[in-house]
Amino acid sequence: MDIFKENLISFIIPFIKEKNKRDIDPQEAEKLIKTPPDSSYGDYSVASYYLTKYGFKGKAEDAASELLNYAQANFEQIKDFFSKIEIKGPYVNFFVHKEKFIGVIVKNVLKDNGNYGRGLPRKPEKVIIDFSSPNIAKPFGVGHLRSTVIGMSLANIYEFCGHNVLKINYLGDFGTQFGKVITAFCRYNIDFSEFEKDPVKVLYNLYVTIHKEAEGNEDIERDARDIFKKLEESLIKKNPSGLEDYLNFLGTRAGFPGVFTSALDYGRGQLNINPENKSSFCDSDEGQFILWETFRNLSIEEFKRIYELMGIRFDDYEGEAESGIFSGEMVKILLESGFAAESEGAIIVPLKDIKTPALIAKSDGTSLYLSRDIVTAVLRMAKYNYDKMIYVVGSEQSLHFNQLFNIFDLLRDSKDKLNNNPFFQKYASSVSGRLVHVKFGRIIGMSTRKGNLVFLEDYIDEASKRAAEKLKERDVVSNSAGTVTGFSGNDENKKDIFTLDEKESTALKIGIGAVIFNDLKTRRNTDVNFNWDNVLSFEGQTGPYLQYTVSRINSLIARLIKGNDNGVSPVENRVNDAELNAAAGIKETGTPFDNTAAVSERDNDFNEIYLIVKQISVFKDNIEAALNLNEPSIISSYILELASLFNKYYQNYRLIGRDYEYIKPRLYLLRAIKIVLINALKLLCMPVLERM
RNA sequence: GCGUUCAUAGCUCAGUUGGAUAGAGCAACAGCCUUCUAAGCUGUGGGUCGCAGGUUCGAAUCCUGCUGGACGCACCA
């Protein structure tokens with residue numbers, strides 16, 4: 001919120017208090033202030049419909065004219081900030097002092113720079129964001145991309161708003177599916193040279209093949225389950241400590257041997273498996289365990305390479321295996337305390353709101369997705385004592401999370417039943433109310449030409465290739481004078497500005513930008529209709545458009561500072577407080593404003609500049625909305641609008657050739673726009689380019 | 001069948017949480033580069049906000065029903 005709105009809020013509070021005979025705090029009063037749909041109506045408005053909720057009797061129009069009378073009588077109090085008040089039907093519209101508004105906002109942006117828009121919550125929370133979470137032995141597909149970019153963006157947003165964020169990648173490294181992969185690995189012939197080159201792809205193909213074969217073959221399913229059972233048993237045997245000791249360890253962080261505290265601590269497996277020694281791995285439980293470790297590590301290395309490429313970082317890698325170790329013990333506790341019951345040989349937790357049984361153990365006693373998630377939430381509570389934990393997972397898993405959350409509600413509501421297991425009770429009963437499922441829609445209709453799963457890397461490659469083509473097109477521009485190298489002019493600045501390496505990395509960043517923004521631009525809950533033409537078009541509401549806008553501002557600023565050949569003197573490249581204040585028309589001491597505004601209301605570009613600055617001023621509000629709704633797309637829409645406003649301005653008003661006094665405040669404005677664009681792009685994990 | 005979720009321009013989507021005249025981008029058409037990067041800008045056309053009721057000063061937004069789509073529903077994750 002800007003100081004103009006703050007001023008208005010404290011201005012109307014006494015009025016409402018008097019009429020309402022009741023205290024009203026600023027947050028409540030803020031809700032009365034709306035932004036009119038068109039700035040010609042004013043900058044802020046109070047719709048009198050709302051006033052009727054505060055003790056005003058009669059028609060809204062009458063309340064409006066009462067407010068107008070009050071405002072006019074006391075105009076003195078706000079005259080530094082507002083220039084005009086108008087009434088239009090039931091609306092009372094306030095017009096800010098635009099020159100001052102521009103000055104103040106631009107100055108704030110330049111002063112705060114990378115921190116512009118940053119917020120400080122009343123109470124910083126410890127927030128765990130669990131996202132990406134790919135399955136090992138499967139390639140990183142576009143399905144995981146959504147979780148990855150939404151999660152990473154949310155992490156950035158929470159951090160920017162002052163919370164303590166922990167980014168966790170919860171690897172799908174456990175379960176019957178690995179029984180299947182091991183079965184397949186041992187059953188089929190492996191092309192080991194291929195396996196060395198791209199192990200994850202080989203493992204994925206094995207999984208696909210065995211999955212198909214298993215459809216008409218009960219034996220394969222059974223074998224896979226058996227192998228998984230032995231895998232889980234081996235893991236438990238290797239980690240003999242009980243849940244109680246482990247929770248105590250996590251709670252106190254005392255030294256504790258034996259159990260993994262991070263997925264990266266797991267064994268590395270055996271990296272030189274070959275046709276000669278393959279059967280020695282397949283034939284023993286220990287060997288199969290080593291295979292599992294090996295597949296895990298190969299996958300993690302592959303994931304890390306892709307994260308690196310996209311600029312994604314995690315604070316911790318965890319794995320389902322860690323929770324799998326303790327799943328059996330947890331189930332036992334829930335059975336003894338009466339939360340769980342046996343049903344058809346398996347163990348379930350009966351829930352009153354959800355009919356679908358919540359399965360927490362299979363009939364063979366092994367763990368399930370749900371049971372591992374229960375354990376994980378408890379382990380993390382001991383480890384981190386989080387205030388909030390966000391799962392960024394597709395909406396198709398809503399039922400799973402509803403079951404999970406309902407189980408923790410039960411554990412809280414009937415926590416006395418856990419009295420016999422205080423170590424478990426301590427953590428499990430406080431989980432409820434802190435878990436959030438941030439779900440997102442599916443990506444529909446994405447397939448390769450062969451109709452298969454699209455690998456993320458191929459997707460990025462495709463986009464980068466397209467970007468490289470566009471960069472190349474710009475190398476040679478033909479015009480009426482013939483063919484010229486280097487954009488459309490003969491300015492030395494622009495000739496051959498890219499080395500070959502630079503061109504390649506630029507194309508890659510554009511490609512990544514296109515891919516990421518395509519996923520973050522729509523509200524996360526809607527399914528994304530995938531369409532190659534849409535993704536590979538870089539015009540309009542796209543990532544490259546935003547990156548281009550930043551590059552364009554850079555280029556313009558550089559030219560303004562340098563001056564040009566037409567005898568225009570260069571503009572000084574100085575930003576210090578005195579300069580800023582002068583540019584903003586602000587006196588540092590005494591009254592907040594003086595009468596000299598740097599951009600004048602008489603300038604023909606004034607209104608466009610004002611609209612840009614107005615958009616800049618609501619950056620923080622948008623970040624807060626994005627945080628409250630866990631919705632990065634709010635920021636996407638926001639910068640698209642800002643970029644569009646700038647591009648319109650750029651196209652319609654020319655700066656080069658104007659005199660110094662005219663250019664200077666606009667140079668500050670350009671810097672402010674750039675700062676906001678970059679801050680926003682960073683929140684969306686978009687690569688920022690200096691030039692393109 | 002039960003549950004979750006969605007339906008806004010030809011296509012892809014916004015829509016300030018119930019407010020002023022429903023907005024963008026693609027695509028189509030007509031323009032704008034010897035002067036700040038045309039991945040841009042300007043203009044034109046394009047709407048029964050799925051359908052029917054209800055709630056009230058006021059509904060794309062809230063409630064009910066219907067239609068249509070997506071997803072989920074016992075030992076996968």
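Please read these numbers as outputs of a predicted model, since none were measured by experiment.
Residue Glu608(A) contributes atom CD, which lies 13 Å from atom C1' of U42(B) at whole-angstrom precision. A77(B) atom C1' lies 13 Å from atom CG of Leu171(A), rounded to whole Å. Here the C1' atom of nucleotide A70(B) and the NZ atom of Lys439(A) are 13 Å apart, to the nearest Å. Rounded to whole angstrom, the span from the CG atom of Leu368(A) across to the P atom of C76(B) amounts to 7 Å. Atom-to-atom, CD of Gln397(A) to P of G3(B) comes out at 22 Å; the value is rounded to the nearest Å. Taking atom OH of Tyr649(A) as the reference point, atom C1' of G40(B) lies 16 Å away to the nearest angstrom. As rounded to whole Å, 19 Å separates atom P of U61(B) from atom CG of Leu629(A). Distance Tyr50(A) OH to A20(B) P: 9 Å, rounded to the nearest Å.
Pairing partner, U12(B): A24(B), with both Watson-Crick or wobble hydrogen-bond distances short of 3.5 Å. Pairing for G3(B) goes to C71(B), judged as Watson-Crick or G-U wobble with the two contacts each under 3.5 Å.
When the C1' atom is compared between A9(B) and A28(B), the two are found 13 Å apart, to the nearest whole Å. The same atom, P, is picked in C63(B) and in U48(B); the two are 25 Å apart, to the nearest Å. To the nearest whole angstrom, the two P atoms, one in A24(B) and one in G43(B), are 10 Å apart. Here, G25(B) and U42(B) have their P atoms 8 Å apart, quoted to the whole Å. Distance check on atom C1': G23(B) versus A77(B) gives 41 Å, rounded to whole Å. G18(B) and A59(B) have their P atoms separated by 13 Å, with the value rounded to a whole Å.
A 6.0 Å sphere centred on NZ of Lys332(A) holds no more than 12 heavy atoms belonging to other residues, nucleotides or ligands.
Residues Glu232(A) and Ser367(A) have side chains in contact (heavy-atom distance under 4.5 Å, counting atoms from C-beta outward).
Applying the 3.5 Å distance criterion, the base of A20(B) shares a donor-acceptor pair with the side chain of Ser45(A). In terms of polar N and O atoms assigned as donor or acceptor, the side chain of Tyr49(A) never comes within less than 3.5 Å of the base of G58(B) in a complementary pairing. At a cut-off of 3.5 angstrom, the base of A77(B) holds no donor-acceptor pair with the side chain of Thr176(A). Between the side chain of Asp373(A) and the base of A77(B), no donor-acceptor pair of N or O atoms lies under 3.5 Å. Counting atom types as modelled, Gln651(A) pairs a side-chain N or O with a base atom of G40(B) as donor and acceptor under 3.5 Å. With hydrogens and angles ignored, a donor-acceptor pair closer than 3.5 Å exists between the side chain of Tyr41(A) and the base of U21(B).
Stacking between Tyr650(A) and G40(B) is absent: the aromatic ring centre is not both under 5.5 angstrom from the base six-membered ring centre and within 30 degrees in plane angle. Residue Tyr545(A) and nucleotide G40(B) are not classified as a stacked aromatic pair, given the requirement of ring centres less than 5.5 Å apart at an interplanar angle below 30°.
A ring-centre distance under 6.0 Å is not found for Tyr41(A) and Tyr91(A). Taking the centre of each ring, Phe228(A) and Phe174(A) come in below the 6.0 Å mark.
When distances run from any side-chain atom of Tyr91(A) to the nucleotides A70(B), C26(B), A20(B), the shortest one goes to A20(B). Minimum atom distance to the side chain of Asn93(A) is reached by A20(B), of the listed U4(B), A20(B), A39(B).
Across all strands shown, Leu399(A) has heavy atoms under 4.0 Å from sugar-phosphate atoms exclusively, and none from any base. When heavy atoms are screened at a 4.0 angstrom cut-off, Gln177(A) is found touching the sugar-phosphate backbone but no base atom. Leu640(A) comes within 4.0 angstrom of no nucleic acid atom, judged by non-hydrogen atoms across all strands. Among the protein residues, Ala346(A) comes within range of the nucleic acid bases, having at least one heavy atom under 4.0 Å from a base atom. Heavy atoms of Asn652(A) sit under 4.0 angstrom from primed sugar atoms or phosphate atoms, though from no base atom. Among the atoms of the strands shown, none is found under 4.0 Å from any heavy atom of Asn622(A). Heavy atoms of Gly175(A) sit under 4.0 angstrom from primed sugar atoms or phosphate atoms, though from no base atom.
For the pair Ser299(A) (side chain) and Phe295(A) (backbone), a donor-acceptor distance under 3.5 Å is present.
Under the 6.0 Å distance and 45° angle rule, Arg671(A) does not count as a cation-pi partner of Tyr668(A).
Between Asp603(A) and Arg666(A) there is a salt bridge, since a side-chain N of the basic residue sits under 4.0 Å from a carboxylate O of the acidic one.
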